[in-house]
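Right, one structure below, let's go through it.
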Amino acid sequence: MAELTEQEQIRRNSLNELKKLGINPYPAALYEVNVKSSEILENYPKDNTLYQHISIAGRIMSRRIMGAASFVELQDAYGRIQLYIKRDEICPDEDKTLYNTVFKRLLDIGDIIGVTGYVFVTQMGETSIHVQSLTVLSKSLRPLPIVKEKDGHVYDAFSDPEQRYRMRYVDLIVNPHVRETFIKRAKIVNTMRDYFNEQGYLEVETPILQSIPGGAAARPFITHHNALDIDLYLRIANELYLKRLIVGGYAGVYEFARDFRNEGMDRTHNPEFTCMEIYVAYKDYNWMMTFVENMLSRIAMTLHGTTKVKVWGNEIDFGGPFRRAPMCDLIKEATGYDVLPMDEQQLRDTCKALNIEVDETMGKGKLIDAIFGEKCEPNLIQPTFVTDYPIEMSPLCKRHRNNPNLTERFELFVNGKELANAYSELNDPIDQLGRFQEQLRLSEKGDDEAMFIDMDFVRALEFGMPPTSGMGMGIDRLVMMMTDEQSIQDVLLFPQMKPEKKAPVTTDEEFVNHGVSAEWVPVLRKAGINTLSALKEANPNKLYNDLNGLRKKNKLEMPPLKKEELEKWMA
RNA sequence: GACUAAGUAGCUCAGCAGGUAGAGCACAUCCCUUUUAAGGAUGGGGUCCUGGGUUCGAAUCCCAGCUUAGUCACCA
């Protein structure tokens, strides 16, 4: 156990004093809560006969003690409300312990309390709760970062990203907009779920542990099943499983899937992320575009009451219909090159002419994608369906009804980022097998993201899958756009972090077991010795002087340390 | 993975022509019966990220490492 800071020690002392006073700092019984802070602030000013017998609980976020009366800001799940605590009100008898000792001295910012009382307005005009009784519900042993705010100006914000993500609980306590973001995230997901369910589509769950990681081009995580003694992969997509279910006869299936990809991490990529995929029988990608437009405008309306949303400095209009443009048209628009009829070599030359880096492993599909990614993507600010991708890029997608070199695929771009990807799904089993084999060829060429052949999936298609349209949408990205957050870490409650480094520390017990006398352990730590190895390696003369020097400086009531004693500890 | 920047009190940050470590909030003690980021007075609190080097002397200069952020590369 690392040494406690002074403030932590003071809180632990307060905890013990509470116990001595017969107050349980962590009571088991429920505390009745019959009102939310937000409803009081909303309704009381309109009708001040309301809320005259209330009971509310929350966390102390600030205190202003003015002698025999005090003001506390109490934060519950819905906001903050001021408490007015008057000594003679909560301590009507002679015994003023609850106010003078418990409230003023033993409670701190961060503690959780419950109060009963009535609502009134202070002389300063703030709706407040006049407290009549106070109950300690949970003592907080660590000081919270103190964030203050006045007229929208935030003082001393708790803003260090590492601390915010590692200690998300603290972030949520002191940064209300963070709590709000995750409420919005849930609203987005619920809106989508309602939209799908209303149309009779079925929410399903498919395997995360897969023996063939299919449905996307990405590097998977590998894990091992002991009983079967086989390697399994964490899914990179659930597409092939959902299509099996369409073969099985459902009208539509969807899943909010956690996918895992063993690739880089940055502000738009987390190793695990959520992708919603939906497959609907007897539809095509044109139908799906309209379906997506309606879904997004509904989400925007639910969240913001309008389809126009501010995202990263741009005003994005999620009210459809969105622009629909074939990929090769957009490339021609941006670069003047018509890549549609080009072969692989011509594409390489074009990339060179456009100053786009390529390598030997790239096939036609990846080359075109490179040009598109470089020259077109960043310009697609308002929602745009990019359609009709080259066949090499889309091994699971049906050939275009008018051009066999293209596929019936669209990606939806918003603010220069890909938000959704959809197909008229390939349901020709022979074509599908051929496309898998082409992927195998790419893989042998060195493309480590090429897809594996999933023979069971091909077998499923051989039984017959209806014409189907499928769509996948990155939920994290969607949430980022709908909440105007710049970083995926701000829309994931617990983003992946490197493990917290832990300094090796020797416990007090270990020091004592080693022979160090207990009263000297804190002094040793003060002298900078926190591990047994540091003790053994220290200079005995310097340490001897330091320890007795600290004893004197801190006026410790114990006999001076003898040199022989110290040498025994250091042995 | 590459480059750039940062790491000082519980939190937010100053300090750097090398010379005893600072502020605000928080915390402690005392005073104060309605305050609005901030009532008054006094006080305690630091492995200046870690390890080396230069130096009489390093938070400050140099090197290496760790962590974080940003940009780039791969990817959704």
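Since the model is a prediction, treat every value here as computed from it, not as a measurement.
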What pairs of nitrogen or oxygen atoms, one from the protein and one from nucleotides 11-14 of chain B, lie under 3.5 Å apart?
{"residue": "B:C11", "atom": "OP1", "partner": "A:Gln163", "partner atom": "NE2", "Å": "3.4"}

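- Following rounding to the nearest Å, A:Met276 (CE) and B:A76 (P) show an atom-to-atom distance of 17 Å.
- In this structure, the CZ atom of A:Arg59 is 18 Å from the P atom of B:A26, given to the nearest Å.
- Under 4.0 angstrom from either OP1 or OP2 of B:A37 there lies no side-chain N or O belonging to A:Arg64.
- Using modelled atom types and a 3.5 Å distance limit, the side chains of A:Asn421 and A:Arg409 yield a donor-acceptor pair.
- Rounded to whole Å, the P atom of B:U67 lies 36 Å from the corresponding atom of B:A28.
- Between B:G24 and B:A41, the two P atoms lie 11 Å apart (nearest whole Å).
- Partners of A:Tyr99 under the ring pair (Phe, Tyr, Trp, His ring centres under 6.0 Å) rule, at least two apart in sequence or in another chain, are A:Phe103.
- Within 4.0 Å of A:Asn13, counting heavy atoms only, lies no atom of the nucleic acid at all.
- Whole-Å rounding puts the A:Gln9 CD to B:G46 C1' distance at 18 Å.
- With rounding to whole Å, A:Leu492 atom CG is found 12 Å from B:A76 atom C1'.
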All N/O contacts under 3.5 Å from nucleotides 27-31 of chain B to the protein, with atom names and distances to one decimal?
{"residue": "B:C27", "atom": "O4'", "partner": "A:Gln7", "partner atom": "OE1", "Å": "3.4"}

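- In this structure, the CZ atom of A:Phe120 is 12 Å from the C1' atom of B:U33, given to the nearest Å.
- Pair assignment for B:G70: B:C3, on the basis of Watson-Crick or G-U wobble contacts that are both within less than 3.5 Å.
- Checking A:Glu255 against A:Thr206 by side-chain atom types alone, a donor-acceptor pair falls below 3.5 Å.
- In this entry the distance linking CD of A:Gln123 with P of B:G39 reads 17 Å, nearest Å.
- Contact of A:Glu126 with B:U36 (side chain to base): a donor-acceptor pair of N or O atoms is detected under 3.5 Å.
- Under the rule for a ring pair (Phe, Tyr, Trp, His ring centres under 6.0 Å), the partners of A:Phe413 that lie at least two apart in sequence or sit in another chain are A:Phe372.
- Residue side chain A:Ser128 does not reach the base of B:U34 through any donor-acceptor N/O pair under 3.5 Å, judged by distance alone.
- Pair assignment for B:A9 gives none, since no Watson-Crick or G-U wobble pairing has each distance under 3.5 Å.
- Remark: A:Phe221 pairs with no residue by the ring pair (Phe, Tyr, Trp, His ring centres under 6.0 Å) rule, at least two apart or across chains.
- Side-chain proximity of A:Thr5 to the nucleotides B:G10, B:G70, B:C32 is greatest for B:G10.
- Residues A:Tyr165 and A:Asp490 bring a donor and an acceptor atom of their side chains to less than 3.5 Å of each other.
- Residue A:Glu73 places no side-chain atom within donor-acceptor reach of the base of B:U36, judged by atom type and a 3.5 Å distance cut-off alone.
- Backbone-only contact: A:Arg477 has heavy atoms under 4.0 Å from sugar-phosphate atoms and none from a base.
- Residue A:Gln382 is tested with A:Asn415, A:Val414, A:Ile316, A:Asn314 for a side chain to side chain contact (heavy atoms under 4.5 Å, CB included); the sole match is A:Ile316.
- For the 3.5 Å distance criterion, the side chains of A:Ser138 and A:Arg59 fail to qualify, holding no donor opposite an acceptor.
- In this structure B:G46 sits in no base pair that meets the Watson-Crick or G-U test at under 3.5 Å.
- When only modelled atom types and interatomic distance are considered, A:Gln75 and A:Arg80 share a side-chain donor-acceptor pair under 3.5 Å.
- For the ring pair (Phe, Tyr, Trp, His ring centres under 6.0 Å) test, residues two or more places apart in sequence or in another chain that qualify with A:Tyr84 are A:Phe71, A:Phe120, A:His130.
- Across the protein-nucleic acid pair, A:Glu374 atom CD and B:C74 atom P stand 9 Å apart, rounded to whole Å.
- Across the protein-nucleic acid pair, A:Gln82 atom CD and B:A37 atom C1' stand 13 Å apart, rounded to whole Å.
- Base orientation of B:A17: syn (glycosidic angle within 90° of 0).
- At the heavy-atom level, A:Glu411 lies nowhere under 4.0 Å from the strands shown.
- Judged by Watson-Crick or G-U wobble contacts below 3.5 Å, the nucleotide B:C30 has B:G40 as its partner.
- For A:Lys148, no side-chain nitrogen or oxygen approaches OP1 or OP2 of B:G24 to under 4.0 Å.
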